[in-house]
Structure formats: structure tokens, C-alpha cells
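Beneath this line is the structure, given in C-alpha cells, with notes to follow.
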Amino acid sequence: MWGRFFKRLCAKVFAIFGRPSVFRGSTLMETLTASVVFMIVFVISMDVLVRIGSSRLECGDYVVMENEINRYRRKLASESIRVGVYGQKYGWGELRADVAVFKEGIYRVRIEALFSGNGKKIMYEYLLTEYERNDEW
């Protein structure tokens, strides 16, 4: 019963779409060659991508800069907060902190890192209260 049904169904499908073409199987050697070619193209493209991305960044300077900013934030939070502009020079550039009164008991802290080599600037801005300053760090 089901055999006749599937035969008729296949005949109708073939009449509408035509007979499927026969696919030739690939040999093991063709498959391995294609895999190696795809792998070589992938490795070359990843190498080029990494070289393009790393040529624009000096990762060591960014890591040192982040460490100095975090150290400076801890220093500002642990000491009594004084309004003013502070600055310090490093080998990678300059670090500036601007502390201003935002509202009563709340201070706006802006820390800027200015790179000397490429002229880039990174800025952190946050609010710090007299009450929370010891608990934050």
C-alpha cells in the first residue's frame, strides 16, 4: 500500500521538478586537498587580521596605563578628597585628574590619560561621595 503511494508521489514530484541529477562522490584525495586549501586560506587570513590589528596598538602601554589609572583611583578614594587638578607624567604619556564638587558631599572625578606617542586620549569620569569613598576600594 505505502509502496504504491510513494511511487505515485515520486512520479508527481519528478513530473513537476524533473529527475534529480546524479551526484558524483568525491574521493578521499579530493576531500583532503580541499580541506588543506581551506585551512591554508584561513590561516593566512587570520595572520593578516592579527598583523593589521596589532600594528595599531601598543598593548604594553595600554596595560601600564590602566594599572596607573586604577592606582590613581584608589589613591583618590583612600585620601581625603580635595578639589583641584592633579597631574603626573609617565613614560607612556601623562595622567591628569580633575576633582570638582558636583553637589554637596558628591564629587565629580575625571581622570584623563594622554598618550605621548599617538596622541590618543582615554577618559574616565565618575562620581565619588565622602561617605562611599572608603568602601569603594
Side-chain angles (χ1 to χ4, degrees):
M1 176 174 161
W2 288 104
R4 239 180 358 170
F5 172 75
F6 284 119
K7 270 187 179 180
R8 276 199 243 148
L9 179 66
C10 288
K12 288 180 183 178
V13 170
F14 293 156
I16 294 171
F17 297 109
R19 288 219 173 257
S21 60
V22 178
F23 294 111
R24 189 177 64 91
S26 300
T27 64
L28 180 62
M29 199 58 156
E30 290 172 338
T31 306
L32 291 177
T33 304
S35 299
V36 168
V37 168
F38 285 134
M39 187 171 50
I40 289 172
V41 169
F42 178 76
V43 168
I44 290 172
S45 64
M46 290 305 295
D47 184 52
V48 168
L49 183 66
V50 168
R51 288 175 191 254
I52 288 172
S54 66
S55 66
R56 295 182 184 158
L57 300 175
E58 299 86 22
C59 292
D61 289 345
Y62 284 107
V63 171
V64 170
M65 182 268 314
E66 285 288 340
N67 287 337
E68 292 299 328
I69 285 178
N70 287 334
R71 186 177 297 134
Y72 210 74
R73 287 179 71 178
R74 283 191 299 272
K75 179 182 172 189
L76 284 173
S78 65
E79 296 175 354
S80 63
I81 301 172
R82 287 184 238 141
V83 175
V85 178
Y86 308 99
Q88 196 167 353
K89 292 205 180 260
Y90 295 95
W92 49 264
E94 184 180 356
L95 190 66
R96 282 190 275 185
D98 178 19
V99 180
V101 176
F102 183 72
K103 288 185 178 179
E104 186 178 334
I106 301 174
Y107 299 92
R108 180 192 49 83
V109 180
R110 177 184 292 161
I111 299 176
E112 293 179 348
L114 303 167
F115 288 97
S116 57
N118 56 13
K120 290 186 179 179
K121 177 170 92 170
I122 296 176
M123 183 176 66
Y124 291 95
E125 191 169 3
Y126 59 97
L127 297 175
L128 186 63
T129 65
E130 190 70 35
Y131 176 73
E132 295 173 326
R133 68 180 175 87
N134 291 326
D135 296 336
E136 184 178 349
W137 303 100

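Side chains included, hydrogens not; waters and symmetry mates left out as well; all remaining heavy atoms used. Everything numeric in this text was worked out from a predicted model, so none of it was measured.
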With sequence neighbours left out, what residues match R110 under salt bridge (Lys or Arg N to Asp or Glu O under 4.0 Å)?
-> E125

Shortest non-hydrogen contact between G91 and S116, atoms and distance = O-OG, 4.2 Å

Spell out, yes or no, whether [X] and [Y] are grouped together once hydrophobic residues are joined by side-chain heavy atoms under 4.5 Å, including indirect joins.
X    : Y    : answer
Y72  : L114 : no
M123 : V99  : no
Y86  : V83  : yes

Hey, what do you get for [atom1] ([X]) to [atom2] ([Y]), rounding to the nearest 0.5 Å?
X   : Y    : atom1 : atom2 : result
W92 : E94  : CH2   : CD    : 8.5 Å
I44 : L49  : CD1   : CG    : 13.5 Å
K89 : R96  : NZ    : CZ    : 8.5 Å
Q88 : K75  : CD    : NZ    : 6.0 Å
E66 : I122 : CD    : CD1   : 6.5 Å
T31 : M29  : OG1   : CE    : 10.5 Å

Passes side-chain contact (heavy atoms from CB on, under 4.5 Å), V109 versus Y124? Steps please.
-> CA-CA 8 Å; V109 180; Y124 291 95; over 6 Å; no

State, with a plain yes or no, whether a side-chain heavy atom of F102 is found less than 4.5 Å away from one of L128.
-> no

Could you check L95 against M65 for side-chain contact (heavy atoms from CB on, under 4.5 Å), going step by step and ending with a plain yes or no?
-> CA-CA 9 Å; L95 190 66; M65 182 268 314; 5.7 Å; no

Trace of the side-chain contact (heavy atoms from CB on, under 4.5 Å) decision for Y107 with L127 | CA-CA 6 Å; Y107 299 92; L127 297 175; over 6 Å; no

Near Y90 OH, under 6.0 Å, is it more than 12 heavy atoms from other residues, nucleotides or ligands?
-> yes

